[in-house]
Enquirer: 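So that we are looking at the same thing, I have put the structure below in structure tokens.
Everything quoted here is computed from the prediction, not taken from an experiment. Every chain is numbered from 1 and lettered A, B, ... according to where its sequence line falls, protein lines coming before strand lines.
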Amino acid sequence: MTVRTRIAPSPTGDPHLGTAYVALFNYCFARRHGGQFILRIEDTDQERSNRRSEEMILESLRWLGLHWDEGPDVGGPHGPYRQSERAPIYREHVALLLEAGHAFRCFCTPERLEALRQQQRAQNLPLGYDGHCLAIPVDEAERRAAAGEPFVVRMKVPRSGECVVHDCLRGDIVFDYAQVDMQVLLKADGLPTYHLANVVDDHLMGITHIIRGEEWIPSAPKHLLLYSYFGWTAPELCHLPLLRNPDRSKLSKRKNPTSLRFFQRMGYLPEAMLNFLGLMAWSMPDGEEKFTLEEMVRNFDLQRISLGGPVFDMTKLSWLNGRWIRENLDVEEFARRVQAWALNRDYLMAIAPLTQQRVERLSDLGPLTAFFFSGLLDPTPESLVAGKLDAAQIRSAFDAMLARIDAMTVWNRDTVEAELRGVADELGLKLRDMLKPLYVAITGRPAGVPLFDAMAILGKDISRARIRQAREALEAA
RNA sequence: GUCCCCAUCGUCUAACGGUCAGGACACCAGGCUUUCAAUCUGGGAACCCGGGUUCGACUCCCGGUGGGGGCACCA
């Protein structure tokens, strides 16, 4: 049996560091055992999934050099590799479960379910479906469904007994079935939920080892139950510890930069990123900290994973990145990397129109545009509070901006302007007053090229990180 | 609240019953260097607590505490 692993990102936002981390381990495990590594897009959430996000995720994983053997872009014998294109497959499988009595139609309204949850919460009961629609006779359920009444399909779960989940790192984990929810498998829109799609696809795609984040442990019993309902052998399960923020909570974009694009814009090398991710929860047998992807593959062993959730420490990443720059690039290659990073024609052409009118000598360009070629700026509190607003006002303005920026999917001059005007209105501030500290946060100086254009060019990730850093500078003051 | 997972320097980790608990980042002090880096040398810094098991526990078991995650028609 050849080993097959997969990374299955959901295209609902920026390419996440955690995706790269899990992908790396899946990649290494598959390669180490001469197997295949598959990329599958989990876009069953019609509301949140979007193509742009999918493109960015693929782009970032390619940038890192984690090549997949099968995927939506390269195809393969088990396609399609995009779940939204597999709807008929899931419906067939749901029909199988329904027929075998392993699943049932549920006509409960979202309102009823919400009320149920509230009641359970109030009484400190475990949350979960109460089995209301289990009582509906099958022929009646079929009639109502045929008549066009909206419904979902839920899986049946034994009301007693226990389920043993074998995790290859933790050993056996025991759950009472009583605490496993009767999960929705097929949503009212006809698309499957993660739980169903994931099981069906992993089986059909021949996945032998599921290496995923620890957050999935609690739903493993549902997955195992589904495998047994279908009469399939379940893959090996291996749950990786979650990457953490410095405060030890699960790594999140609210607290830290998590977008792979951010790290790219910051000037980290893909080799160093991968190397550092390989240092998260894993170590080389000889303790060596600097290694290539190939070396990691050659030495990879799941048993060397440590289970405490690692804090992602950007300072150490920077040190490692420095080593890669110094030790692995000759001057020629270093120059090429820099050029590809920001001294390329596209980037310069975006900046040129903003600067031409503002220089008297070409040499004025340096100070005027330094912030375009920088990472984080580390502004002082004094420089930020130079305008009409006081520190507290600026802080809340920054908070409001960050909230809006997080929600933005389209990033350009006009959308940035619109959102920032929105923030000023929301806070009852004059745009001009609010923009002054923002200008310093983004460019590090009191004046220069137009702000909205600068933010558009810098991109969402760096812009957001600079605002967050400025906000923190004021906090400390 | 409830279920589950986890627990070594501030951080990433090594150790898989017998080590003065090792390395790395960061920090501090020196050396080298025209500056700054880089680099070299040195330093401080950890086995969460309490019970067992054992001749012997960081290592195994139990309890506590602490941290984290899950509890959606999101993944």
Enquirer: Out of U13(B), C4(B), C3(B), which has the shortest distance to the side chain of Ala281(A)?
Expert: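 Of the candidates, U13(B) comes closest.
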Enquirer: In whole angstroms, how far is the C1' atom of U13(B) from the CG atom of Asp313(A)?
Expert: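 The answer, rounded to whole Å, is 12 Å.
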Enquirer: Contact class for Cys108(A) (heavy atom, under 4.0 Å): base, sugar-phosphate, or nothing?
Expert: base
Enquirer: Examine the base of A24(B) for any acceptor or donor lying under 3.5 Å from a partner atom in the side chain of Lys316(A), and report the outcome as yes or no.
Expert: yes
Enquirer: Please state whether the phosphate of A75(B), meaning OP1 or OP2, lies under 4.0 angstrom from any side-chain nitrogen or oxygen of Thr44(A).
Expert: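 Yes, such a contact exists.
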Enquirer: What is the distance from CG of Asp130(A) to C1' of A72(B), rounded to the nearest Å?
Expert: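 These atoms are roughly 15 Å apart.
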Enquirer: Please pick, from C5(B), G23(B), A14(B), the nucleotide with the shortest atom-to-atom distance to any side-chain atom of Ile173(A).
Expert: C5(B)
Enquirer: Select base, sugar-phosphate, or nothing to describe what Glu289(A) touches, counting heavy atoms under 4.0 Å on all strands.
Expert: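 Result for Glu289(A) = base.
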Enquirer: When you compare C27(B) with U2(B), how far apart are their C1' atoms, in angstrom units rounded to a whole number?
Expert: 42 Å
Enquirer: Is the shortest side-chain N to carboxylate O distance from Arg254(A) to Asp406(A) below 4.0 Å?
Expert: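 Here Arg254(A) pairs with Asp406(A) in a salt bridge, since their nearest N and O are under 4.0 Å apart.
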Enquirer: Rounded to whole Å, please give me the gap between CZ in Arg323(A) and P in U39(B).
Expert: 8 Å
Enquirer: Start at the 5' end of RNA chain B and walk down; is the nucleotide closest to Ala188(A) or to Pro246(A) reached first?
Expert: Pro246(A)
Enquirer: Suppose you measure atom C1' in U19(B) against the same atom in U11(B); what distance do you get, rounded to whole Å?
Expert: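 That atom pair is separated by 24 Å.
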Enquirer: Please report, rounded to the nearest Å, how far the P atom of C3(B) is from the CD atom of Gln120(A).
Expert: 15 Å
Enquirer: Choosing from C4(B), A15(B), C73(B), which nucleotide comes nearest the side chain of Val152(A)?
Expert: C73(B)
Enquirer: Can you tell me the distance, in whole Å, between the CD atom of Glu214(A) and the C1' atom of A7(B)?
Expert: 12 Å
Enquirer: Across all strands, who's sitting opposite A46(B) as a Watson-Crick or G-U wobble pair, both distances under 3.5 Å?
Expert: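 Answer to the pairing question: none, since A46(B) forms no Watson-Crick or G-U pair.
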Enquirer: Which base sits across from U59(B) as a Watson-Crick or G-U pair, both distances under 3.5 Å?
Expert: none
Enquirer: Would you mind telling me which of C74(B), C3(B), C12(B) lies closest to the side-chain atoms of Val311(A)?
Expert: C12(B)
Enquirer: Where the side chain of Pro310(A) is defined as all heavy atoms beyond and including C-beta, which of A75(B), C12(B), A26(B) is the nearest nucleotide?
Expert: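 My answer, after comparing the listed nucleotides, is C12(B).
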Enquirer: From C-beta outward on Leu127(A), which listed nucleotide comes closest to its side chain: G1(B), A38(B), A75(B)?
Expert: G1(B)
Enquirer: Are Arg6(A) and Asp69(A) ion-paired here, with the side-chain N under 4.0 Å from a carboxylate O?
Expert: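 Salt bridge between Arg6(A) and Asp69(A), a charged N being under 4.0 Å from a carboxylate O: no.
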Enquirer: With a non-hydrogen cut-off below 4.0 angstrom, is Arg121(A) in contact with a base, only sugar-phosphate, or nothing?
Expert: nothing
Enquirer: Could Arg40(A) and Asp202(A) be called an ion pair, given the rule that one side-chain N must be under 4.0 Å from one carboxylate O?
Expert: yes
Enquirer: Tell me the partner of G10(B), counting only Watson-Crick (N1-N3 plus N6-O4 or O6-N4) or G-U wobble (N1-O2 and O6-N3) with both under 3.5 Å; none if nothing fits.
Expert: C25(B)
Enquirer: Mind checking Arg326(A) for me? I need base, sugar-phosphate or nothing, with any heavy atom below 4.0 Å counting as a touch.
Expert: sugar-phosphate
Enquirer: Using the C1' atom as the reference point in each nucleotide, state the distance between C12(B) and A26(B) in Å, no decimals.
Expert: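 Taking atom C1' in both C12(B) and A26(B), they lie 11 Å apart.
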Enquirer: Provide the distance between the two C1' atoms, one in C32(B) and one in U41(B), to the nearest whole Å.
Expert: 11 Å
Enquirer: Where the side chain of Asp330(A) meets the backbone of Glu333(A), is there a donor-acceptor pair that is under 3.5 Å apart?
Expert: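 A pair under 3.5 Å: yes.
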Enquirer: In terms of heavy-atom contacts, does CD of Glu288(A) have more than 12 from other residues, nucleotides or ligands at under 6.0 Å?
Expert: yes
Enquirer: Among A75(B), U11(B), G69(B), which nucleotide sits nearest the side chain of Arg248(A)?
Expert: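 So the nucleotide nearest the side chain must be U11(B).
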Enquirer: A14(B) phosphate, OP1 or OP2: any side-chain N/O from Ser283(A) under 4.0 angstrom?
Expert: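 It does, given that an N or O in the side chain of Ser283(A) lies less than 4.0 Å from OP1 or OP2 of A14(B).
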Enquirer: Of the candidate nucleotides A38(B), C12(B), G70(B), which contains the atom at the shortest distance from the side chain of Pro218(A)?
Expert: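 Nearest to the side-chain atoms of Pro218(A), counting from C-beta on, is G70(B).
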Enquirer: Would you kindly give the CG-to-P distance between Leu116(A) and C73(B), to the nearest whole Å?
Expert: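 Atom CG in Leu116(A) sits about 11 Å away from atom P in C73(B).
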Enquirer: Can you tell me how far C1' in U59(B) sits from the matching atom in U54(B), rounded to whole Å?
Expert: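 Here U59(B) and U54(B) have their C1' atoms 13 Å from each other.
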Enquirer: Measuring only the P atom in each nucleotide, how far is C36(B) from G10(B)? A whole number of Å is fine.
Expert: 31 Å
Enquirer: Please give the nucleotide sitting opposite G30(B) as a Watson-Crick or G-U wobble pair, both distances under 3.5 Å, or none.
Expert: C40(B)
Enquirer: Can you figure out which of C5(B), A75(B), C12(B) approaches the side chain of His195(A) most closely?
Expert: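 Of all the options, the side chain of His195(A) is nearest to A75(B).
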Enquirer: Does Lys187(A) have a side-chain nitrogen or oxygen under 4.0 Å from the phosphate oxygens OP1 or OP2 of C74(B)?
Expert: yes
Enquirer: Just N and O in the side chain of Lys250(A): are any of them under 4.0 Å from OP1 or OP2 of G67(B)?
Expert: no
Enquirer: Specify the separation, in whole Å, of atom CG of Asp189(A) and atom P of A72(B).
Expert: 18 Å
Enquirer: Output yes when a side-chain donor or acceptor of Trp282(A) lies under 3.5 Å from a complementary backbone atom of Gln303(A), and no otherwise.
Expert: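 Checking the backbone N and O of Gln303(A) against the side chain of Trp282(A), no donor-acceptor pair under 3.5 Å is found.
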Enquirer: If you pin Asp43(A) and Lys222(A) to their nearest nucleotides in RNA chain B, which one's is more 5'?
Expert: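 Taking each residue's closest nucleotide, the earlier one in sequence belongs to Lys222(A).
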Enquirer: Taking C58(B) as the reference, what is the distance to C6(B) when you measure between their C1' atoms (whole Å, please)?
Expert: 16 Å
Enquirer: Would you call the rings of His195(A) and His223(A) parallel, tilted or perpendicular, where under 30° means parallel and over 60° means perpendicular?
Expert: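 It falls in the tilted class, 30° to 60°.
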Enquirer: Closest to the Glu215(A) side chain: C4(B), G70(B), U13(B)?
Expert: G70(B)
Enquirer: Parallel, tilted or perpendicular: which one describes the rings of Trp232(A) and Phe230(A), with boundaries at 30° and 60°?
Expert: parallel
Enquirer: Is the distance between the ring centroids of Phe300(A) and Phe291(A) less than 6.0 Å?
Expert: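 No, the ring of Phe300(A) stays outside the 6.0 Å limit from the ring of Phe291(A), centre to centre.
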Enquirer: Whole angstrom is fine here: how far is it from CZ in Arg117(A) over to C1' in C71(B)?
Expert: 10 Å
Enquirer: For the P atoms, the ones on G22(B) and on G43(B), what distance do you get once it is rounded to whole angstrom?
Expert: 12 Å
